[in-house]
Protein chains: 2
Amino acid sequence: MSAPISANVGTALLKGVLSPAVTPFKADLSPDTARFSRHCTWLLEHGCAGLAVFGTNSEANSLSVGERMDLLEGLVASGVPAARLMPGTGCCALEDSVRLTAHATGLGCAGSLMLPPFYYKGVPEEGLFRSYSEIIQRVAHPAMKIYLYHIPPVSQVAITRSLVERLLKAYPETVVGVKDSSGDWQNTLGFLEYAKEGFQVFAGSETFLLQNMRHGGVGCITAGANVNPGQIHEVYRRWQEPEADALQAGIDKIREILQAHGPMIGTLKAVIAAYANDPAWKTVRPPLVEAGPAQAEALLQDLRAAGFTMPGLV
Amino acid sequence: MSAPISANVGTALLKGVLSPAVTPFKADLSPDTARFSRHCTWLLEHGCAGLAVFGTNSEANSLSVGERMDLLEGLVASGVPAARLMPGTGCCALEDSVRLTAHATGLGCAGSLMLPPFYYKGVPEEGLFRSYSEIIQRVAHPAMKIYLYHIPPVSQVAITRSLVERLLKAYPETVVGVKDSSGDWQNTLGFLEYAKEGFQVFAGSETFLLQNMRHGGVGCITAGANVNPGQIHEVYRRWQEPEADALQAGIDKIREILQAHGPMIGTLKAVIAAYANDPAWKTVRPPLVEAGPAQAEALLQDLRAAGFTMPGLV
C-alpha cells in the first residue's frame, strides 16, 4: 500500500511528528526565551522528532527578523540540537527570507520551512519560482534544505504542483519537501506523487497523519503536537500495526476538542498555561487575542473528560 | 453638497493627490535610491501634494525594514521635504511597525500610512485595536499622525468603521485619517461620516476622487499618480468648477488603460521606463514579474492614442 521513501535526499532529514512550537511572550510582549526553551525541550522529550519553530502557530509573522534570530540562538544555546529544528524562514521581503534562511542553515538546522511571500495576491507562478530561486542562490549554502509551506487559508498564496516540479528540477538537492496545511487531502495526494523520488511530504495536521503515512508521506507538522506530542507520535510509530486506526481516532478526538473552543493559538497557550500551572503562557501578540477564562475552562473540561494529559508537566 | 473639513487635527496635514511612489530596483534587485529620488522629485513638481512612499504599489512589503529606512533617509537627504511624505509603516510584526513609525515620525514625515498586521486572517477587531494601540503607545511621539490603510483585496484584513470609531475615541490626536482602497464607494461613504470631525478620507484610486471631494474627502492616494499626477491634480484643484466631471472622465480614461494591460506595478514601471527612456525602471522584485515587451507595447500604444504625456520626462 505505502510507497517506501528512498533516501536520495540524505539521511539527516527529519521525519515523524514535528511541532510548530508556540512562542511564549512576557507581559511586555517580548519573546520569552527561557519558557520557549523549556517548552521545546519538553516537546522533544515527549514524542516530537523535531520542531518547526516559527510556524503559523508560533506567531512567527508577528516577530521581527531580529527577534526570530535571537530566539533561535537562545534555543540552541539552551541545549536544543539544531539538527532537530526546521525554523520558518519565509517572509514577504526577499532580504528577510535570505537572512533567516542563511542564519538557520549556518546554525546547523535540519531545514527551513518556507512560506511564499504572502502580501501580494494572485501573483504568477513565475514570480514565486523567482522568489524561491533568489533566496536559494543568495544563501548559496550546500547544507541548505528547504521545505515549501502550503497554507492557502492563511497565506492566500498557494504552492502549486507545477511550482514544486519546477523547483525540484532546478534545485533537487535543496528543495526536499513540503508541509501541506491546505486541509485538502486530495491536494496532499498530489504532492505525494513526488514522494517516491524522496520528496518529503508532511501533513499539516495530525488529522491526516495515518493517511499520509499510508501513501508515502513522512509524518506531520502540526499545531496539536504542542500539547499532545506523545499520542500523535504513537500513530507515527505504529502506523503499520493493526491498532493504527484506533490510535488515529484517539488523536482525532483531542484535535476536535482543541478546534472547538476558539482560534488554535489561544487554545494551545491556554492548555499549556493550565497544565504547566503557568498563567504567563496565555499571552499572545496582537492581532491575536488570548482565550478568555470561560472559553479556557470549557476547553479544559472537555480535555479532562477525554482523558487528556501532558505527562511531565502535571 | 460637500462638508467642509474642519482643521481640528492640525494644519500641517497633507491633502490633495498623493502618489504611492513605485520603488526602482537595480539589476541585483537592491533598491535604487538615486532613481527613487528623481521620480519622487518629478512627482512633487508635477501635481502631487505628497508621496505615500512604501505603499502597496511601491512593493514596500517586498522590502526589509532596513531597506525602507535607508530609502527614506536617502530621499530626505536628496532634498525631498519630509513634510510631504506619508510612508507606509504597517507590518506583520509589532516591532517592525514600531521601528518604521518612530523612524518616519522622527524624520518629520507628515504621517504614516499603516496597514493592519496582515498574516493572520479572521482576527477579531479587539486584536486589531490592540495592534494599533501598542504601536501608538510604544512610538509615543506627540507629532505622530496615523492614517489607517484599508485594502482588503490585498491585505485580506479590513479596517472596519467600528475599529475606526474605537481608535478615534482612544487616539483623537494621532489617528487622523484613512486610505480606502476597497474599491467600494459605499464603504468610502461610511468613512466619510467622520469627515466633519476632521478625519481625513483619501480615496484609494483617482476613480473616486471627484466623488470623494464632493462628500467631504481630502483627496486620493493613487497608483495612477505615479504617471499621471498633473491631470489628477487638476481634478482635485478644480473639483468645484463646472469642468470637474469632464476632467474626471479624462483621468478615468487613462486609469482604464493602465488597468487593462496586466498588473498595476509592472504597468506603471513600464510606462516610466518608456517615458523616461530608462529601461532599468522595468525591474520588479519577486514575487512580481515585470511587464513583457508585447504587453508594454500595447499599453504604450493605447496611452499615446489617448494623448497621454509625462511632461518634463520626454
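All values reported here derive from a predicted model rather than from experimental measurement. Residue numbers start from 1 in every chain, and the chains themselves are labelled A, B, ... in the order their sequence lines are given, proteins ahead of strands. Hydrogens, waters and symmetry mates play no part in the numbers below; they use all other heavy atoms, side chains included.
Looking at P153(B), the atoms closer than 4.5 Å to chain A (heavy atoms on both sides) all sit in the backbone: N, CA, C or O. Only the side chain of R138(A) comes within contact range of chain B, judged by heavy atoms closer than 4.5 Å. Heavy atoms of P116(A) lying under 4.5 Å from chain B are absent altogether. Heavy atoms closer than 4.5 Å to chain B are found in both the backbone and the side chain of E126(A). Both the backbone and the side chain of E59(A) come within contact range of chain B, judged by heavy atoms closer than 4.5 Å. Interface residue T56(A): backbone and side-chain heavy atoms are both found under 4.5 Å from chain B. Of the two parts of I151(A), only the side chain, counted from C-beta on, holds a non-hydrogen atom closer than 4.5 Å to a non-hydrogen atom of chain B.
Per-residue heavy-atom pair counts under 4.5 Å with chain B were compared for V289(A), L29(A), N61(A), and the maximum is reached by N61(A).
Residues S62(B) and Y120(A) have side chains in contact (heavy-atom distance under 4.5 Å, counting atoms from C-beta outward). Counting heavy atoms from C-beta outward, R285(B) and E134(A) have side chains that stay 4.5 Å or more apart.
Scanning residues 89-96 of chain A against chain B with a 4.5 Å heavy-atom cutoff picks out C92(A), A93(A), L94(A), E95(A), D96(A), ordered by number.
For the residue pair P124(B) and P287(A), the shortest heavy atom distance occurs at CD-O, 4.0 Å. Contact record, V154(B) with Y119(A): CG1-O, 3.3 Å, taken as the closest heavy-atom pair.
Heavy-atom contacts from other residues, nucleotides or ligands closer than 6.0 Å to CZ of R99(B) number 12 or fewer. By the 6.0 Å contact criterion, CZ on R35(B) is enclosed, its count of non-hydrogen atoms from other residues, nucleotides or ligands being greater than 12.
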